[in-house]
Amino acid sequence: LGEVLKNIDVVSCGISMDTEITGVSCDSRKILPGCLFVAIKGFESDGNKYIPAALSAGAACVLGDSIPDGVEGIRVRDGRKALSVATANFYGNPASKLKIIGITGTNGKTTTNNLMASALEAKGYKVICNKLGANMLSGIATTVLQEMSIFGKLKADYACLEIDEAYTPIVFDYVKPDVMVITNLFRDQLDRYGEIDITSDIIKRAIKKVPNLKLVLNGDDPLCVQFGRGENVKAYYYGISEKVLPQLDDTKEGRFCPVCGEEQKYNYYHYSQLGDFYCPSCGFKRPEIDFEVKNVSLDTPMKFTINNQPMVINYKGFYNIYNLIAVYGALNVLGEKTDDFAKLLTGYKPQIGRMQEYKFNKPVILSLSKNPAGFNQAIATVNTDKRKKDVIIAINDKANDGRDVSWLWDVDFDKIADENLNTLTTTGIRVYDISLRFKYSDIKVDRMTQDMADAITKCLETDSEVVYVLVNYTALYSTE
């Protein structure tokens, strides 16, 4: 019993630590003689009701956070968490044999996570990865369970886990990553996250739960760099160390210094708050970069160097460079060789909606954008394509999108009106909101519709050379 209770916050225990335990379960119907029964209050049923049945079946003892008076057992602070830890202890902590990479941030975490898994698999490793973006506790648990044998054995070398920003403290109660990548922080789903400082505080709480955590941080984002100032962490930084994009007036999410609150200055910036920043008041500034991109060419294919190592990639979007150097940095921190990094990327296929191209009588390119920073970068990518183009924009406001769509007014939609724009179509549940947004930018909307299939069909009939479809979350799969 003592081994099973390791790292569990026990309040009181009236059972000998030498008691032999033959299994762990929260289901009284599965209790065999010698098992530990964990009584948990569920949504519909209270496990305490089944304590007599578990004891009758031969349970060696009972554990829970609300065991009724008169029942001799083990009282703990959190029964649900104790179930997870006790089960892991009983089966020899299979996750402890894994090297775990946690990846969080507002934009780019799915692409970065999948790139990381792809690079490790190309090296011959067995990798667990929540590739479809199921990044909350239940999705991560399901991802791991799917890779386990019926006997609870886990055969894998690495786990690459995308983690929702708000769920990082919850996930870190159960999973302790060796390396954590934080891609960036932007305003996102206002009615769920609120402002960025709330998200920052959530991630800080999570980091404190993992002693000696290695952080791989976007060194161009002051909101990410602040995490490297925490205690008991070792931070590594990646960034783009040259001016690449036109220095236009861009919406900056994190304009103010996260240390002293004064407005930051820039030697140059890339987009939103990303760039070579410094605070004239307290001295907080862009750190020394460990994994550095230079010599960027945004022509197709994109070319650049990482720590003087040449890269040629067939992906669209300047922002994808950040995803790639995050993976490069994490591989180095894990002790993996990166002299073959360019070759490792050749087999990677972007997930749905990441500038994904479909072939019809002309190319149709699908892009997921879910916040101002994401949409601004999608528009910038569209504008680098000098072909005559039709653009479709779909905005929904379902729960996964966020009900509050006021963020549309922070997107630089006026920049989409370049000389190569052929037609502009709006669609989605909030078709009128996005159309009104374009009206205030003096941009003509050629067509408004609730039918995405019809919108794409009509664009395929025009004389344009390419169609771009920019959508937010819940419009993505229906569009595909």
Side-chain angles (χ1 to χ4, degrees), residues 107 110 132-133 187-192 316-317 350-383 385 387-418 420-480:
N107 291 344
T110 299
L132 296 179
R187 267 186 308 147
D188 188 34
Q189 294 182 322
L190 296 178
D191 44 357
R192 179 170 175 241
K316 290 180 178 290
Q351 283 296 108
I352 174 178
R354 274 66 179 185
M355 286 294 167
Q356 186 177 10
E357 185 168 322
Y358 298 85
K359 299 289 188 182
F360 294 97
N361 61 315
K362 66 179 92 170
V364 176
I365 298 172
L366 177 61
S367 179
L368 168 66
S369 301
K370 57 195 181 72
N371 49 47
F375 255 102
N376 284 341
Q377 278 302 289
I379 291 168
T381 303
V382 170
N383 286 344
D385 191 333
R387 292 175 290 182
K388 188 176 183 181
K389 51 190 170 270
D390 297 309
V391 176
I392 301 169
I393 296 183
I395 301 295
N396 284 351
D397 67 347
K398 295 182 180 179
N400 289 347
D401 304 298
R403 303 292 187 186
D404 184 344
V405 296
S406 61
W407 58 269
L408 291 174
W409 296 89
D410 293 325
V411 179
D412 299 325
F413 281 117
D414 54 300
K415 294 177 182 175
I416 207 167
D418 73 355
N420 298 307
L421 179 63
N422 184 45
T423 66
L424 176 62
T425 302
T426 55
T427 184
I429 297 170
R430 301 301 287 264
V431 60
Y432 296 110
D433 295 78
I434 183 60
S435 300
L436 179 66
R437 175 68 184 86
F438 279 115
K439 182 177 178 63
Y440 272 84
S441 291
D442 293 324
I443 297 174
K444 178 188 174 185
V445 174
D446 298 284
R447 196 157 180 272
M448 296 166 56
T449 178
Q450 293 285 358
D451 188 338
M452 175 62 84
D454 182 56
I456 294 173
T457 301
K458 288 289 193 297
C459 288
L460 291 174
E461 294 170 354
T462 72
D463 61 350
S464 72
E465 299 170 83
V466 62
V467 180
Y468 279 89
V469 185
L470 311 183
V471 301
N472 65 345
Y473 264 136
T474 60
L476 178 63
Y477 289 98
S478 59
T479 299
E480 189 202 27

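Since we're looking at a predicted model, the values are computed, not measured.
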Give me the atom names and distance for the closest heavy-atom approach of Ser369 to Ala378. OG-CB, 3.3 Å
Return yes if some donor-acceptor pair links the side-chain N/O of Arg437 with the main-chain N/O of Val411 below 3.5 Å, else return no. yes
Approximate separation, where rounding is to 0.5 Å, of Ile395 CD1 and Asn472 CG: 4.5 Å
Out of Thr110, Leu476, Val469, which one pairs with Leu368 under the side-chain contact (heavy atoms from CB on, under 4.5 Å) rule? Leu476
Within the structure provided, determine whether Ser367 and Thr381 are in side-chain contact (heavy-atom separation under 4.5 Å). no
Any donor and acceptor pair, going by atom type alone, linking the side chain of Asn376 with main-chain N or O of Ile379 inside 3.5 Å? no
Asp451/Lys458 salt bridge by N-O under 4.0 Å criterion: no
Check: Thr427 side chain, Thr449 main-chain N or O, donor-acceptor pair, under 3.5 Å: yes
Write down the atom of Met452, the atom of Val471, and the distance for their closest heavy-atom approach. CE-CG1, 4.0 Å
Kindly indicate whether the side chain of Lys444, heavy atoms from C-beta on, has any atom under 4.5 Å from the side chain of Leu421. no
Residue pair Arg387, Asn420: steps toward the side-chain contact (heavy atoms from CB on, under 4.5 Å) verdict: CA-CA 6 Å; Arg387 292 175 290 182; Asn420 298 307; over 6 Å; no
Does the side chain of Val467 reach to within under 4.5 Å of the side chain of Thr462, using non-hydrogen atoms? no
Output field: ring centroids Phe375/Phe413 closer than 6.0 Å: yes
Atom pair CG (Asn396) and OG1 (Thr474), whose distance is rounded to the nearest 0.5 Å: 3.5 Å
To the nearest 0.5 Å, what is the distance between CZ on Phe438 and CG on Leu424? 4.5 Å
Value for CZ (Arg430) from CZ (Arg403), rounded to nearest 0.5 Å, stands at 9.5 Å
Residues Pro363 and Glu465: closest non-hydrogen pair is CD-O, 3.3 Å
Donor-acceptor check, side chain of Asp401 to backbone of Lys398, threshold 3.5 angstrom: yes or no? yes
Test side-chain hydrogen bond (donor to acceptor under 3.5 Å, both in side chains) on Asn107 and Asn371; report intermediate values, then the result. CA-CA 9 Å; Asn107 291 344; Asn371 49 47; 2.8 Å; yes
State, with a plain yes or no, whether a side-chain heavy atom of Ile416 is found less than 4.5 Å away from one of Lys389. no
Check whether any side-chain N or O of Asp390 sits under 3.5 Å from a backbone N or O of Thr423 as a donor-acceptor pair, and report yes or no. yes
Which value, rounded to the nearest 0.5 Å, describes the distance between Ile365 atom CD1 and Met355 atom CE? 7.0 Å
Closest approach of Ser464 to Lys362 (non-hydrogen atoms, all atoms of both residues): OG-NZ, 2.9 Å
Between the side chain of Ser441 and the main-chain N/O of Ile443, is any donor-acceptor distance below 3.5 Å? no
Main-chain N/O of Asn422 paired with Lys388 side-chain donor or acceptor, under 3.5 Å: no
Nearest-0.5 Å distance, CG of residue Leu366 to OH of residue Tyr468: 12.0 Å
For Ala475 and Ser478, which heavy atoms make the closest approach, and how far apart are they? O-OG, 3.2 Å
Flag the pair Tyr432 / Leu436 as yes when at least one side-chain heavy-atom distance between them is below 4.5 Å, and no otherwise. no
